[in-house]
Amino acid sequence: MSSIARELATWAANLRPTAADLELADRSLLDTVAVAVAARNEPVVETASSLSEAARWAVAAHVLDFDDLHMESTTHISAVCVPAVLAAGGDARAYLAAAGVMSRLGTVLGWSHYTSGWHATTTAGAPAAAVGAGVALGLDAGRLATAMALAVPAAGGVQRAFGTDAKSLQVGFAVDAGVRAAHLAAAGASADVSALDQWLELVGGDPSVLDLTGPAIPGGLAVKIFPCCYALQRPISALAGLATQLDAAQVDRIVLKTPKGTVTPLIHHRPDTGLQAKFSLEYAAATALLDSHQGFASFTDQAVRRPEARRLVDLVDVRLGDGGDWLLAGELEAEVHTGDDVLRVRSQFPPGSPQRPPTRDELLRKVEDCLDGTTLVPDTIGWSSACQILRDHF
């Protein structure tokens with residue numbers, strides 16, 4: 001009887017990365033380590049100090065919501081796969097094996113899994129972390145499948161955690177469980193690998209869509225330009241382009257039109273904290289029109305509570321269209337009204353998306369912003385040095 005765990009494990013064990021795969025792995029490592037270092041003073045990082053090394057790194061990599069995203073599976077791949085692989089002593093190949101499994105497993109789970117309220121980064125993440133750590137530990141395909149099955153109990157997490165410490169913590173829990181599962185499989189623990197198939201059925205996955213062809217990470221990864229939910233990258237980039245043409249104080253109405261599916265994770269309509277603002281379409285409009293650079297300073301509690309930001313939040317009229325089966329479905333249409341004048345913009349693909357990949361300069365600006373206040377420079381971050389860099393900061 002075939003098992004999706006065996007299929008994915010065999011694929012991972014036999015992976016031979018291409019030059020393009022390895023280039024993507026190196027970019028993902030640089031982006032993820034920089035974003036984690038930027039979170040070194042976040043309160044939840046200190047709160048998580050009792051967790052394992054891999055879990056702490058994952059919490060740091062995810063808490064700012066500045067980490068990359070795989071669009072087809074709606075999963076934050078590198079915040080899971082980089083910490084799991086580094087903690088087990090792995091390299092780019094182990095990362096790509098984990099990322100490839102996570103992207104495919106998340107795609108099998110499908111958009112309906114995400115829209116029903118699951119946090120796909122954690123559901124797909126725990127088995128993927130097991131694969132990444134397992135490849136790093138030298139497990140064969142059979143042991144990798146066992147590790148995935150052992151990680152099934154941790155394959156949970158829900159979207160009601162968004163805007164709270166629980167979001168990044170549940171990513172840490174998934175990574176920790178995956179690394180533990182790999183070590184247990186290496187030590188000889190047994191499991192029924194069809195447990196992954198049963199779990200997929202329980203959470204609504206469709207194994208028939210599994211596709212093991214193509215590059216290691218099908219579709220590539222989206223790099224965030226703004227430190228917030230990926231669903232906000234499009235509205236912020238679109239509205240920021242209008243900001244230079246108007247005075248935010250004169251704005252009296254903001255109309256945003258977008259397919260319903262594109263706002264699935266945006267559950268905070270009147271945010272009061274920086275974490276909540278990272279999942280607020282209304283605040284995205286406010287920061288895009290108020291701030292010349294929508295960086296870390298735009299997503300603090302103080303920034304969210306600015307009277308001028310609260311005023312703009314209250315002026316946002318969101319009009320949701322039918323459907324949308326991914327975060328960049330259809331187009332965003334925006335209108336900004338100032339008296340009798342109306343400025344309009346339409347957008348589908350924001351900068352940093354696979355369709356508009358970040359330039360080297362855009363990526364380096366992001367990384368340098370993240371490393372501000374440290375002695376690190378981008379060229380010092382590689383697979384051989386990343387573990388020590390994270391240990392020095394966490």
Side-chain angles (χ1 to χ4, degrees), residues 5 8-9 11-13 15 17 24-26 28-33 35-36 39 48 51-63 67-70 73 75-106 119-139 143-157 168-187 196 216-217 221 383-384 386-391 394:
L8 288 168
W11 175 88
L15 175 65
L24 180 56
D26 290 346
S28 301
L29 176 75
L30 175 63
D31 187 57
T32 304
V33 172
V35 168
L51 299 181
S52 70
E53 187 172 71
R56 294 197 309 274
W57 295 349
V59 170
H62 192 57
V63 65
D67 48 319
D68 63 30
L69 182 75
H70 182 250
S73 63
T75 59
H76 293 270
I77 280 182
S78 295
V80 168
C81 298
V82 167
V85 165
L86 290 178
D91 57 11
R93 179 179 170 275
Y95 164 80
L96 289 164
V101 166
M102 188 166 174
S103 62
R104 289 171 170 84
L105 192 54
H119 186 191
T121 298
T122 51
T123 52
V131 169
V135 170
L137 295 172
L139 301 189
R143 291 284 92 192
L144 289 176
T146 296
M148 293 178 75
L150 289 171
V152 163
S168 59
L169 287 170
Q170 64 190 17
V171 173
F173 300 157
V175 171
D176 181 58
V179 174
R180 288 201 318 267
H183 280 285
L184 288 168
L196 190 70
I217 308 175
L221 295 173
W383 290 100
S384 62
C387 234
Q388 191 58 53
I389 288 171
L390 292 174
R391 285 173 179 150
F394 305 101

Which atom of [X] lies closest to which atom of [Y], heavy atoms considered:
X: V175; Y: A79; result: CG2-O, 4.3 Å
X: D31; Y: D68; result: OD2-N, 3.9 Å
X: A130; Y: A151; result: CB-CB, 4.1 Å
X: L150; Y: A185; result: CD1-N, 4.0 Å

Under the ring-ring contact (aromatic ring centres under 6.0 Å, His included) test, which residues partner H70, sequence neighbours left out?
none
Take D67 and S78, measure what side-chain hydrogen bond (donor to acceptor under 3.5 Å, both in side chains) needs, and give me the verdict at the end.
CA-CA 7 Å; D67 48 319; S78 295; over 6 Å; no
Across all chains, not counting sequence neighbours, the side-chain contact (heavy atoms from CB on, under 4.5 Å) partners of A55 are L51, S52, D176
What residues form a side-chain contact (heavy atoms from CB on, under 4.5 Å) with A36, not counting sequence neighbours?
A60, A61, L390, F394
Would T121 and M102 count as a side-chain contact (heavy atoms from CB on, under 4.5 Å) here? Give the steps.
CA-CA 8 Å; T121 298; M102 188 166 174; 4.1 Å; yes
For R93 and L15, indicate whether the former's side chain and the latter's backbone hold a donor-acceptor pair under 3.5 Å.
yes
Whether R143 side chain and A186 backbone form a donor-acceptor pair below 3.5 Å
no
Step by step, work out the side-chain contact (heavy atoms from CB on, under 4.5 Å) result for V131 and V135.
CA-CA 6 Å; V131 169; V135 170; 4.2 Å; yes
Mind checking whether Y95 and W383 have parallel, tilted or perpendicular rings, split at 30° and 60°?
tilted
Any side-chain heavy-atom pair of L29 and L86 under 4.5 Å:
yes
Residue pair V59 / V171, side-chain heavy-atom distance below 4.5 Å:
no
